[in-house]
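Okay, so here's the structure we're looking at.
In listed order, ligands and their atoms are each counted from 1. For reference, positions follow the sequence shown, starting with 1.
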Amino acid sequence: MNSIRVYDSAVARLTRRELLKIAGTAGLAVIARPVVSAQTMARPLFRSYPFTLGVASGDPMPDGVVLWTRLAPEPLEGGGMPMSNVEVVWEIAADSRFSKVAQRGTAIARPELGHSVHVEATGLEPARDYWYRFRAGDEVSQTGRTRTAPAAGATVDRLRFGVCGCSHYESGYFSGYRRIAEEHFDFVFHTGDYIYEGRADGGRNPSLVRQHRGHELYSVVDYRNRYAQYKSDPDLMAAHASAPFIVTYDDHEVDNDYAGDQDENGTPSEVFALRRAAAYQAYYETMPLRRASLPAGSSLRLYRRLQFGSLMDFSVLDTRQYRSKQACGGGSKPACPEALDPNRTILGTEQEKWLFENLGSVRSTWTVMGQQVPTFGRDLRQFDPAGRFAMDKWDGYIASRNRLYERLKETRAPNPIVLSGDVHQHFGSDLKLDFSRPDSETIGAEFTNTSISAGGDGTDVSASYERSMPDNPHIKYHSARRGYIACTATPAAMRADFKIFDRVSVPNQPAKTGGSLVVEPGRPGAGSI
Ligand SMILES: [Fe+2]
């Protein structure tokens with residue numbers, strides 16, 4: 001680290017051109033100008049643009065929002081930053097030209113966190129648009145637009161938010177993110193599978209439109225580079241710059257179908273914990289999360305509660321980190337008694353207790369639970385007349401689901417709406433106390449988003465859905481196309497417009513509304529419009 005200081009003083013009299021030349025021959029992406037301390041560069045000089053991953057904001061509150069960026073002049077090669085702290089100036093303004101700056105400050109981008117920056121801006125006004133940007137040395141980031149949440153208890157006429165997830169880089173282009181950017185949502189909820197951890201396909205599958213770089217992800221640098229490859233996509237960058245994101249992860253941010261401390265290959269849990277720690281660190285580094293989510297070892301506190309005036313109470317859940325291993329060996333299984341075991345859990349004891357307490361104190365019109373895998377029952381009936389269920393979803397954790405639905409009924413949490421993803425198909429479903437009985441009580445509705453790109457172009461209707469349709473009368477909408485959901489919440493209705501694309505094998509496609517569902521307060525269940 002002292003070498004930075006020495007180097008800095010040695011080059012103090014050189015021109016910028018000379019500095020760049022030295023940097024080139026030395027293989028450095030950044031060279032220091034004056035330093036404020038032995039550890040921190042106040043005005044770094046970059047050989048190439050450091051804001052290659054764009055900007056993002058997240059978790060809006062009435063008086064503040066998280067602002068994010070990460071310095072990465074060489075985004076696909078670990079970042080290309082020196083192993084020093086670097087000062088990053090941030091500002092947030094009431095106008096896009098920054099003539100009315102509301103807050104300004106300096107954050108430190110640290111090598112321990114991949115030179116990411118998480119600013120928790122406060123002192124803002126509720127329910128209004130803001131614009132933000134960063135500066136490091138002479139370089140200025142893109143400008144992002146964000147929006148604060150309405151004041152606690154305030155009457156809110158309307159909130160519009162997007163729901164998206166499962167963006168597999170190789171499988172398709174991110175038209176969904178591009179169209180989301182144009183929606184100027186109040187916020188976007190991401191249901192996870194932001195990246196996929198698999199190795200580069202290497203041309204084996206001819207239907208893939210582009211290639212991952214590298215092997216399967218294990219180390220922090222592996223995950224960092226994969227996030228950087230995804231974040232370099234201009235459509236994804238535009239989506240983040242358009243609205244604050246509320247994020248949760250699913251399995252592919254770590255390893256396919258992992259469950260708690262178990263990966264899919266039976267790796268010893270103490271060994272898998274090392275991989276999970278690397279993955280969680282890179283996730284935190286990449287997402288606009290508050291400091292409360294800074295990982296500690298292989299743990300990351302992701303479940304949290306946000307509120308939007310008197311209109312919406314939003315609990316973000318984590319159904320990966322604390323769950324029991326999938327029942328009956330995972331996959332899709334007919335009659336699996338283990339799925340009914342009350343000792344198995346998908347939320348874990350602490351999170352379940354936290355959520356159940358929240359549900360007892362909701363005073364908003366809508367009780368929203370945003371999470372990863374579908375809670376609604378989906379009898380796949382594939383090749384099996386007795387029924388068949390996906391063990392990775394809440395269908396494999398029936399006791400957990402029963403406890404949640406019973407708690408919703410017990411607390412009378414107003415108008416429950418579940419948001420989920422993971423299955424690469426759109427679904428709109430009623431929530432039934434017993435999904436095997438059509439006359440069972442309906443206690444809410446669930447909107448499940450399809451993928452942004454995972455699975456490739458897709459079809460209007462999946463074969464499995466077609467076969468199983470008669471056995472799932474609670475499902476009110478389905479599409480196996482790619483897309484996202486545009487939700488509109490008002491005091492009178494919660495509406496989901498299911499956006500779909502004909503193709504993701506071609507970039508920049510127009511979105512169509514494949515169908516819409518509406519839920520009215522006091523009338524649980526989704527109706528078509
Ligand atoms: Fe996925």
Side-chain angles (χ1 to χ4, degrees), residues 162-177 180 188-201 205 207-210 212 216-217 223 226-227 229-231 233 235-236 239 245 247-259 263-264 279 282-283 286-287 302 316-321 323 326 330-332 346 370-376 378 380 390-396 418-427 446-459 462 464-465 478-485 498-501 504-505:
V163 185
C164 63
C166 294
S167 43
H168 189 285
Y169 188 83
E170 295 182 309
S171 299
Y173 295 101
F174 292 169
S175 295
Y177 285 138
I180 282 173
V188 176
F189 176 60
H190 200 288
T191 57
D193 288 357
Y194 189 101
I195 56 163
Y196 283 76
E197 84 288 9
R199 64 175 177 166
D201 174 73
N205 180 350
S207 70
L208 299 180
V209 299
R210 45 190 183 175
H212 279 150
E216 182 153 343
L217 313 179
Y223 285 103
R226 183 62 55 83
Y227 278 112
Q229 185 177 17
Y230 279 58
K231 294 282 284 185
D233 181 281
D235 296 334
L236 175 53
F245 271 51
V247 298
T248 192
Y249 48 45
D250 196 16
D251 52 337
H252 288 288
E253 284 87 349
V254 181
D255 180 43
N256 179 50
D257 281 0
Y258 84 95
D263 75 358
E264 64 170 343
Y283 183 77
T286 312
M287 297 297 152
L302 196 58
V316 182
L317 308 183
D318 175 350
T319 62
R320 281 289 160 197
Q321 187 174 180
R323 67 157 70 186
Q326 289 86 351
S332 67
I346 194 167
Q371 46 97 56
Q372 301 75 9
V373 292
T375 73
F376 71 90
R378 188 159 64 105
L380 302 170
M391 294 293 102
D392 187 57
K393 326 306 172 200
W394 289 68
D395 271 336
V418 174
L419 305 174
S420 55
D422 177 57
V423 289
H424 306 174
Q425 302 172 53
H426 276 316
F427 287 103
E446 179 160 346
F447 304 141
T448 302
N449 70 263
T450 184
S451 62
I452 289 285
S453 61
D457 283 339
T459 55
S462 73
S464 64
Y465 177 71
H478 161 79
S479 168
R481 293 280 174 200
R482 308 288 82 91
Y484 64 96
I485 310 175
F498 293 91
K499 302 290 185 179
I500 57 171
F501 295 92
V504 291
S505 54

D457/R482 salt bridge by N-O under 4.0 Å criterion: no

Residue set satisfying side-chain hydrogen bond (donor to acceptor under 3.5 Å, both in side chains) with H190, at least two apart, ordered chain then number -> Y177

R210 to Y169, cation-pi by 6.0 Å centre distance and 45° axis angle: yes

Less than 4.0 Å between a side-chain N and a carboxylate O, is that true for R320 and D250? yes

Sphere of radius 2.8 Å around the Fe ion (ligand 1) - protein N, O or S atoms inside: C166 SG, D193 OD2, Y196 OH, H424 NE2

Salt bridge (Lys or Arg N to Asp or Glu O under 4.0 Å) partners for R226, two or more places apart: none

Those residues that, when tested against H212, pass ring-ring contact (aromatic ring centres under 6.0 Å, His included) (two or more places apart): H168, Y230

